[in-house]
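For reference, the structure discussed in these notes is given below.
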Protein chains: 2
Amino acid sequence: MGTVAALQTVGSTGGVSARAFKPLLREVSRSTPTCSDCTLRTHCVPAGLEQDTLGAFDRLRASRMRIKRGDTLYRATDRFTAVYAVRSGSCKTLILSEQGHEQVTGYHMPGEVVGLDGIDNGVHGCQVVALEDTEVCALPFEALERLAHDSTSFQHNMYRLLSREVARDHKTMLLLGSMRAEQRLAAFLLDLARRYQALGYSSCEFILRMTREEIGSFLGLKLETVSRLFSRFHHDGVIQVQGRVVKLLDRNALQRLVGAEP
Amino acid sequence: MGTVAALQTVGSTGGVSARAFKPLLREVSRSTPTCSDCTLRTHCVPAGLEQDTLGAFDRLRASRMRIKRGDTLYRATDRFTAVYAVRSGSCKTLILSEQGHEQVTGYHMPGEVVGLDGIDNGVHGCQVVALEDTEVCALPFEALERLAHDSTSFQHNMYRLLSREVARDHKTMLLLGSMRAEQRLAAFLLDLARRYQALGYSSCEFILRMTREEIGSFLGLKLETVSRLFSRFHHDGVIQVQGRVVKLLDRNALQRLVGAEP
DNA sequence: CGACTAGTTGAGGCCAGTCAATGTTGGTGG
DNA sequence: CCACCAACATTGACTGGCCTCAACTAGTCG
């Protein structure tokens, strides 16, 4: 019984949605690639680990999986067995309100980890959907706990990972609770730029992987408002935007917007 | 050198605000009380630990501290050395925007833990202010990490604690991002009721420890809006409200409000 | 090609914000 | 004890930012 079978079971027992019978996942390589070879190792879960702990990390035997654009990695209420590190591509995490309204809680790039909110009661709290064809590394949580037990430095890494997520969410709450629409979008663009830069990509020109509606969901705005703001920023010469291709022309202006009075 | 001295140092080196010279903390008892005696032990950090681990937990020598109403336990940018479990009373956590706008990120009751967002980079990410005279137990984080290393069940508890915070924050993001004002207040009241009930208090009658403005800050609303909503709920017979004394009369109605269409 | 999804833009409405006046509460000191 | 004050709360009138509804365009895919 491979990891994938188990995970597929999880996927199919979870949601009772229309897509219930569509296989969610497909394994890419059973020859589990090692973290110590990974180009992302300095940005991902094992960031900062000394060489010997990194070796132990390889023995986790994380299995890499491919998710096609629009497909779901797991749903809320699916059983929690692993967290997932984005290897390539990107995805969104979302929760559904009682009426099925979708709230995007985050966008995730390579090196980032999703699924941490499922640890508490062994059930996933959100749904993960790929924004483009995406590869993730499934890290069985029990194995992570064992590894954390053996290595205090990795244990500390795990705490930091969770703590960072909490701090990030608090910032998002500030955005949603006290910023006006244009401040939210400006903050969003600057955050994306910063993260692309951290990965070595251009920080002033990038492609949005999500729709206007998805951006709006994350920012607490309607898609028309997002679209209008893009047009306004473009008109004001702050950015260039052509569909999903965005170029930041005046980051100081964006920064000033974020820091402007209510 | 006691914990308190260290903590007071932290407090005074932290903020450069007007209150910088006002002593923030005062120790209540150097005779560190033990968790195994604590009436909150089943709701707090050591929840669910077996007896022998609980004994090890006592050796943490958590120091109990008293914070007066309106006083600050720590500020953002203070050095992170410990997390704090609320022993009695209640407090709010908040972050400040660039313009000094205050966003409340949470209200915390006995048994709940604050400070987890400081683990990542060793610096507190938010400020904690007591809403009433409050006692907290300072849990030195290094000691918690050592204990987690010795006890896998406690290690799991720590992960659950952090994970719960993440899941809670996601729910707040849903509230801020997709609910209208009356839904937000209804959800807020029901959440308070649930938590009071979990502590064994009345779940339908309680005293709000925060001002209308603070409620508004948490919910992304202005204080006038909060006040108007209280009046409306009262007028509609859903709640009784007299200043800060609230009585829930029709919880189903509140539930229906939360679950209503946008 | 037609159907569909994503995005843009305009017109109008409404919910929550803003400004302002007044009422209420709680703490302090004479 | 009461007077006083400051902080908190309520309520009204008005405004405006974002939502809603709708029409239209552009690109994609079977």
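Here is how names work: the chains are called A, B, and so on, in the same order as the sequence lines, proteins then strands, and each is numbered from 1.
Remark: B/Arg66 engages B/Glu135 in a salt bridge, criterion side-chain N to carboxylate O under 4.0 Å.
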**Q.** A/Ser97 vs A/Gln103, side chain to side chain donor-acceptor pair (under 3.5 Å): CA-CA, chis, key distance, verdict
**A.** CA-CA 8 Å; A/Ser97 71; A/Gln103 171 76 33; over 6 Å; no
Requested in this report: Evaluate the side-chain contact (heavy atoms from CB on, under 4.5 Å) criterion for residues A/Tyr84 and A/Met65: first the C-alpha distance (whole Å), next the side-chain angles of each, then the deciding distance (0.1 Å), finally the verdict.
Outcome: CA-CA 10 Å; A/Tyr84 301 85; A/Met65 291 181 296; 3.4 Å; yes
Please assess B/Glu213 against B/Thr211 for the test side chain to side chain donor-acceptor pair (under 3.5 Å), listing each intermediate value before the final yes or no. CA-CA 5 Å; B/Glu213 185 167 22; B/Thr211 67; 5.1 Å; no
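Taking atom CZ of A/Arg184 as the reference point, atom C1' of D/dG17 lies 11 Å away to the nearest angstrom. The distance between atom CD of A/Gln242 and atom P of C/dT8, rounded to the nearest whole Å, is 9 Å. Between A/Glu224 atom CD and C/dA6 atom C1' the separation is 12 Å, expressed in whole Å. D/dC8 atom C1' lies 16 Å from atom CD1 of B/Ile207, rounded to whole Å. Straight-line distance from the CZ atom of A/Arg209 to the P atom of C/dA6: 15 Å, rounded to whole Å. Rounded to a whole Å, the NE2 atom of A/His235 is 15 Å from the P atom of C/dT8. Nucleotide D/dG17 holds its P atom 10 Å from the CD atom of A/Glu182, rounded to whole Å. In this structure, the CZ atom of B/Arg232 is 11 Å from the C1' atom of C/dA16, given to the nearest Å.
Among the heavy atoms of the strands, none lies under 4.0 Å from B/Gly216. Across all strands, A/Glu213 comes closer than 4.0 Å to no nucleic acid atom at all (heavy-atom distances).
For A/Arg212, taking side-chain heavy atoms from C-beta onward, the closest of the listed nucleotides C/dT25, D/dC21, C/dG7 is C/dG7. Comparing C/dT9, D/dA9, C/dA16 by their closest approach to the side chain of B/Leu221 singles out C/dA16. Of the candidates C/dG17, C/dT18, D/dT20, the closest approach to any side-chain atom of B/Thr225 belongs to C/dG17. Closest to the side chain of A/Lys222, from the set C/dG7, C/dA20, D/dC19, is D/dC19. Of the candidate nucleotides C/dT9, D/dT10, D/dT11, D/dT11 has the atom nearest to the side chain of B/Ser231.
Judged by distance alone with a 3.5 Å cut-off, no donor-acceptor contact links the side chain of A/Arg244 to the base of C/dG7. At a cut-off of 3.5 angstrom, counting only N and O atoms as typed in the model, there is no donor on one side facing an acceptor on the other between the side-chain of B/Arg228 and the base of C/dG17.
The shortest distance between the side-chain N/O atoms of B/Thr211 and the OP1/OP2 oxygens of D/dC8 is not below 4.0 Å.
Relative ring orientation between A/Tyr74 and A/His124 is described as parallel, the plane-to-plane angle staying below 30° on a 0-90° scale split at 30° and 60°.
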